[in-house]
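First the structure, in the form of structure tokens, and then the observations on it.
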Number of protein chains: 4
Amino acid sequence: MKLRDENKIARIYKATLKLVKATGLSGVTMQAVAKEAKIATGTLYIYFQNKETLIASLFQACIKNSQGSFFKNYDAKAPFKVGFHTIWLNVLHHRLLRFEESLFIEQAFHSPYIDEQIKVEAKKMFEPLKELLARGKKEHLVKDVDNFWLTAFMIGSINEISRRVNYYNKKLNPEVIDLNFQLCWDGIKA
Amino acid sequence: MKLRDENKIARIYKATLKLVKATGLSGVTMQAVAKEAKIATGTLYIYFQNKETLIASLFQACIKNSQGSFFKNYDAKAPFKVGFHTIWLNVLHHRLLRFEESLFIEQAFHSPYIDEQIKVEAKKMFEPLKELLARGKKEHLVKDVDNFWLTAFMIGSINEISRRVNYYNKKLNPEVIDLNFQLCWDGIKA
Amino acid sequence: MKLRDENKIARIYKATLKLVKATGLSGVTMQAVAKEAKIATGTLYIYFQNKETLIASLFQACIKNSQGSFFKNYDAKAPFKVGFHTIWLNVLHHRLLRFEESLFIEQAFHSPYIDEQIKVEAKKMFEPLKELLARGKKEHLVKDVDNFWLTAFMIGSINEISRRVNYYNKKLNPEVIDLNFQLCWDGIKA
Amino acid sequence: MKLRDENKIARIYKATLKLVKATGLSGVTMQAVAKEAKIATGTLYIYFQNKETLIASLFQACIKNSQGSFFKNYDAKAPFKVGFHTIWLNVLHHRLLRFEESLFIEQAFHSPYIDEQIKVEAKKMFEPLKELLARGKKEHLVKDVDNFWLTAFMIGSINEISRRVNYYNKKLNPEVIDLNFQLCWDGIKA
DNA sequence: GATGAATGAGCCTTCATTCAT
DNA sequence: TATGAATGAAGGCTCATTCAT
């Protein structure tokens with residue numbers, strides 16, 4: 001008996017992300033995914049019940065993946081700025097390295113494939129960041145602004161950086177990264 | 001293509017935007033657009049050569065529309081902060097009021113309907129802002145950071161605000177708007 | 001504007017019946033129906049929402065059709081035997097002439113396309129016959145057996161005749177028809 | 001194809017019949033049969049070359065099965081009416097008890113799985129009955145009607161009884177069975 | 001022999017586009 | 001110009017069959 005090849009799921013995900021980047025979500029056909037993943041169309045349906053399930057599964061995988069990256073090496077007990085810097089860099093690096101995933105999330109978010117419940121999950125992604133910002137406010141290091149807006153400010157600016165790096169083929173060097181961090185830091189600091 | 005009924009184009013655009021918000025770009029079918037615009041399918045093809053033309057035209061209309069709004073009431077000769085504040089508010093208001101258009105631009109940008117040339121056009125949108133920032137730097141009011149990153153910072157954070165207002169059904173009051181502006185301003189100021 | 005051609009429905013029905021006879025219900029593909037009816041596949045979906053609807057509609061049309069034929073020229077006030085003979089002949093002729101319809105009903109009945117509700121309708125087909133048999137019993141011309149079994153007896157034997165005429169390519173002449181009627185009549189008569 | 005496990009064939013047949021009753025012949029997929037029979041898909045192909053072979057084999061098994069039942073306890077030398085009654089009851093009981101098989105035969109008969117040759121075989125099923133009827137005619141007990149029509153009459157009416165018992169969930173008691181036999185007997189008797 | 005993952009042709013259905021009115 | 005029926009290619013999905021284990 002042929003063994004079910006769990007690695008195939010990774011290949012399917014990769015193929016899907018590549019297609020989303022190349023043609024947008026509307027260009028993602030099961031046929032195209034299968035071809036890109038070098039499997040037969042029918043095989044897709046062994047691993048995913050249908051297209052919706054494939055998209056939703058990948059969406060959740062991307063979300064989970066993000067969460068893992070954002071708080072890597074983050075020490076909740078380190079000084080506020082150290083922690084904030086770590087997370088800021090993590091988010092930026094994740095967005096840059098996994099730009100396809102960000103793009104996919106953005107495109108899938110408004111598609112009929114993602115239902116409300118999954119979206120609710122996605123919104124919990126930044127909890128640890130919010131806790132850090134709360135601490136920052138207690139320590140009078142951060143402006144007294146609702147975390148909701150502070151995270152919007154931080155994430156929004158990072159997203160735009162990664163978008164531009166990709167669309168304009170810009171290179172980022174450590175110096176430029178520092179400048180960008182400074183913009184954000186000066187923005188939130190009390 | 002002689003366009004008799006300019007108003008019909010507006011209805012078609014409106015219908016398209018509504019559908020994108022409701023179902024994503026993949027839910028935009030010529031049939032659905034026609035129905036929503038209350039015209040016959042064939043009529044669509046009197047006004048637009050094909051689907052690609054419709055999407056591309058709407059895309060360009062949205063871009064043009066943005067540009068018009070962003071610099072409304074903007075006086076290039078006013079003091080820097082006044083000008084910057086005006087533009088910041090204009091961009092925010094435009095994104096909020098015309099959220100469907102932003103969504104459409106986001107979704108269409110990666111679709112096969114928008115070719116590279118149109119994207120290049122879109123990128124010129126912020127020229128006046130860049131000039132203002134250049135002046136701000138000359139006047140030592142703004143950090144010495146490439147306009148490319150300064151605009152990314154400003155636009156990215158505004159985009160995220162409008163996105164959240166929509167997804168989380170948040171209400172913005174003048175006070176909150178001020179706080180958000182403060183974040184941005186403190187970020188860019190020298 | 002092209003006018004919707006109601007005659008197309010007849011062509012679709014005819015094509016479907018032909019295919020059922022040739023290949024059974026499982027050989028009825030929308031593609032094959034369209035080809036046989038000389039229209040495009042998509043056109044089928046203008047006239048029928050989906051395959052299920054097509055099959056169910058045809059089923060109901062066949063049932064209605066049967067009812068119309070069975071009691072054609074039947075006079076409820078004529079002497080019992082005349083009435084019975086009329087109906088018996090009508091049913092036989094209908095089954096013979098419209099064998100494809102009978103076949104279709106038989107095959108569709110057990111398919112997932114026909115839901116319970118439609119079946120219930122189909123069962124009401126023989127009401128006038130039952131009334132006639134009731135009268136026959138009152139007049140002591142017919143055995144005192146439940147109409148349910150009397151009609152089963154009559155219809156079952158007629159069905160088998162038409163089946164055999166078709167499968168064995170038998171010809172029926174008036175004499176043979178008379179003999180067969182005699183079998184049925186002697187069966188039910190008191 | 002060496003068939004090791006004869007019992008598995010029985011399970012496959014049973015599964016197929018169950019599926020035909022539940023969903024019609026079009027619902028019979030090799031996957032579904034395998035699942036219902038609790039074997040792997042591939043295993044089906046050890047016992048049957050392909051789907052056509054499976055259907056055709058089952059068809060022939062059902063025919064053979066019928067023949068066995070129809071003339072069980074039938075003594076060709078017993079008085080005519082006794083013999084006729086025996087066969088009539090046998091056919092009825094078989095149809096009732098093995099309704100699924102009748103259904104399958106009905107559905108499969110028109111499918112592309114059963115070729116002409118098999119159908120010819122099936123038609124020989126009633127030879128002993130025909131011989132009995134010939135004797136009945138010689139003894140002036142039966143109408144002088146071609147056996148072809150006499151058997152059609154008998155079988156057709158029995159089939160309809162069993163169909164109705166199943167579709168209308170009717171119960172048959174010995175008395176009702178007797179009444180139905182009487183209808184048939186009065187029909188054929190000289 | 002037994003398994004069930006893998007395959008890809010083919011089915012149902014949709015949709016961009018055309019065309020007769 | 002406006003209409004919407006008609007078209008058929010293409011997309012989502014299924015299923016008979018094969019094959020590696």
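Here the structure is a predicted model, which is why all the values come from computation and not from measurement. We name chains A, B, ... by the order of the sequence lines, and we start the count at 1 in each one.
- Distance CG (D:L19) to C1' (F:dA16): 15 Å, rounded to an integer number of Å.
- In this entry the distance linking CZ of C:F48 with C1' of E:dT14 reads 18 Å, nearest Å.
- A:Y47 comes within 4.0 angstrom of sugar-phosphate atoms only, judged by non-hydrogen atoms across all strands, and of no base.
- With a cut-off of 3.5 Å on both Watson-Crick or G-U wobble distances, the partner of F:dA20 is given as E:dT3.
- At whole-Å resolution of the value, CZ in C:R4 and C1' in F:dT7 are 16 Å apart.
- Following rounding to the nearest Å, D:M30 (CE) and F:dT17 (P) show an atom-to-atom distance of 6 Å.
- Proximity of A:Y45 to the phosphate of E:dT7: no side-chain N or O atom is located under 4.0 Å from OP1 or OP2.
- Place B:S26 and D:L44 on DNA chain E by their nearest nucleotides, and D:L44 ends up nearer the 5' end.
- For the pair A:I46 CD1 and E:dA6 P, the computed distance is 5 Å after rounding to whole Å.
- Looking at B:Q31, its side chain comes within 3.5 Å of the base of E:dA16 through a donor and an acceptor atom.
- Distance CD (D:E52) to P (F:dC15): 19 Å, rounded to an integer number of Å.
- Of the side-chain N and O atoms in A:T43, one or more sit less than 4.0 angstrom from OP1 or OP2 of E:dT7.
- Within the nucleic acid shown, A:T29 comes within 4.0 Å of sugar-phosphate atoms alone, with no base atom in reach, counting heavy atoms only.
- Distance NZ (B:K51) to P (E:dC15): 8 Å, rounded to an integer number of Å.
- Per the geometry, CD1 belonging to A:I12 stands 12 Å off C1' belonging to E:dA5, to the nearest Å.
- Checked against the 6.0 Å centroid criterion, the rings of D:F104 and C:H110 do not qualify as a close aromatic pair.
- In this structure, C:V33 reaches neither bases nor backbone, as no heavy-atom distance under 4.0 Å exists between it and the strands shown.
- Side chain of B:K21 to backbone of B:F99: no donor-acceptor contact under 3.5 angstrom is found.
- Inter-residue side-chain proximity for B:L54 and B:Y47 is flagged as unmet; no heavy-atom pair is nearer than 4.5 Å.
- A:L58 places none of its side-chain heavy atoms less than 4.5 Å from the side chain of A:I55.
- Nearer to the 5' terminus of DNA chain E, by closest-nucleotide assignment, is the contact made by D:A40 (compared with the other of D:A40 and A:K8).
- One N or O on the side chain of B:K51 and one on the backbone of B:V28 form a donor-acceptor pair closer than 3.5 Å.
- Both B:G42 and D:V28 sit near DNA chain F, but only B:G42 has its closest nucleotide nearer the 5' end.
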